[in-house]
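Residues take their numbers from the sequence shown, with the count starting at 1.
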Amino acid sequence: MASSMDGTIRLYDQRMVNKGVAVQTYEGHVNSNFRIKFGVDPSERFLISGGTDCYTRIWSIKSGQLLSENKFSNTVPSVVCWSAVE
């Protein structure tokens, strides 16, 4: 996975990285001058990220569907992570 200054996050397959083709694209953030911070849950089913629009978003990694979009504060998220659940 790689984040971009245009507000997207892209999933790449190592077997196709030379072609520069993303397997999946996750869109929705407004971004201007920061690299988007993102994290993947331990089961590798969900992607969470925060952008300069101060929103935190969660996508399904497999489908690319945006599952949640929330503004928890008026500051840009500097770190995103998943808590470990037993």
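In this view, Asn74 satisfies the side-chain hydrogen bond (donor to acceptor under 3.5 Å, both in side chains) rule with no residue, not counting sequence neighbours. Judged as a side-chain hydrogen bond (donor to acceptor under 3.5 Å, both in side chains), and not counting sequence neighbours, Thr25 has no contacts. Listed by chain and number, the residues in a side chain to side chain contact (heavy atoms under 4.5 Å, CB included) with Ser63 are Ser60, Gln65 (sequence neighbours excluded). Take Ser3 and apply the side chain to side chain contact (heavy atoms under 4.5 Å, CB included) test, not counting sequence neighbours, and it matches Ile9, Arg35, Ile36, Phe38.
The salt bridge (charged side-chain N to carboxylate O under 4.0 Å, His left out) pairs that include a residue from residues 40-51 number zero, where partners must be two or more places apart or lie in different chains. The stretch residues 58-70 participates, sequence neighbours left out, in these salt bridge (charged side-chain N to carboxylate O under 4.0 Å, His left out) pairs: Arg57-Glu69.
Ile58 CD1 to Asn70 CG: the interatomic distance, rounded to the nearest 0.5 Å, is 7.5 Å. Separation of atoms CG (Leu67) and CZ (Phe46) is listed at 6.5 Å; rounding is to 0.5 Å. With rounding to the nearest 0.5 angstrom, the OG1 atom of Thr8 is 11.5 Å from the OH atom of Tyr26.
Of all heavy-atom pairs between Ser73 and Cys54, the closest is O-CB, 3.5 Å.
The side-chain heavy atoms of Arg10 and Val23, taken from C-beta on, include no pair separated by under 4.5 Å. With contacts defined as side-chain heavy-atom distances shorter than 4.5 Å, the pair Ile61/Gln24 does not qualify.
For the side-chain contact (heavy atoms from CB on, under 4.5 Å) test with Trp59, the passing option among Leu11, Leu47, Ile48 is Leu47; the others fail.
The backbone N or O of Gly50 sits nowhere less than 3.5 Å from a side-chain atom of Tyr55 that would complete a donor-acceptor pair.
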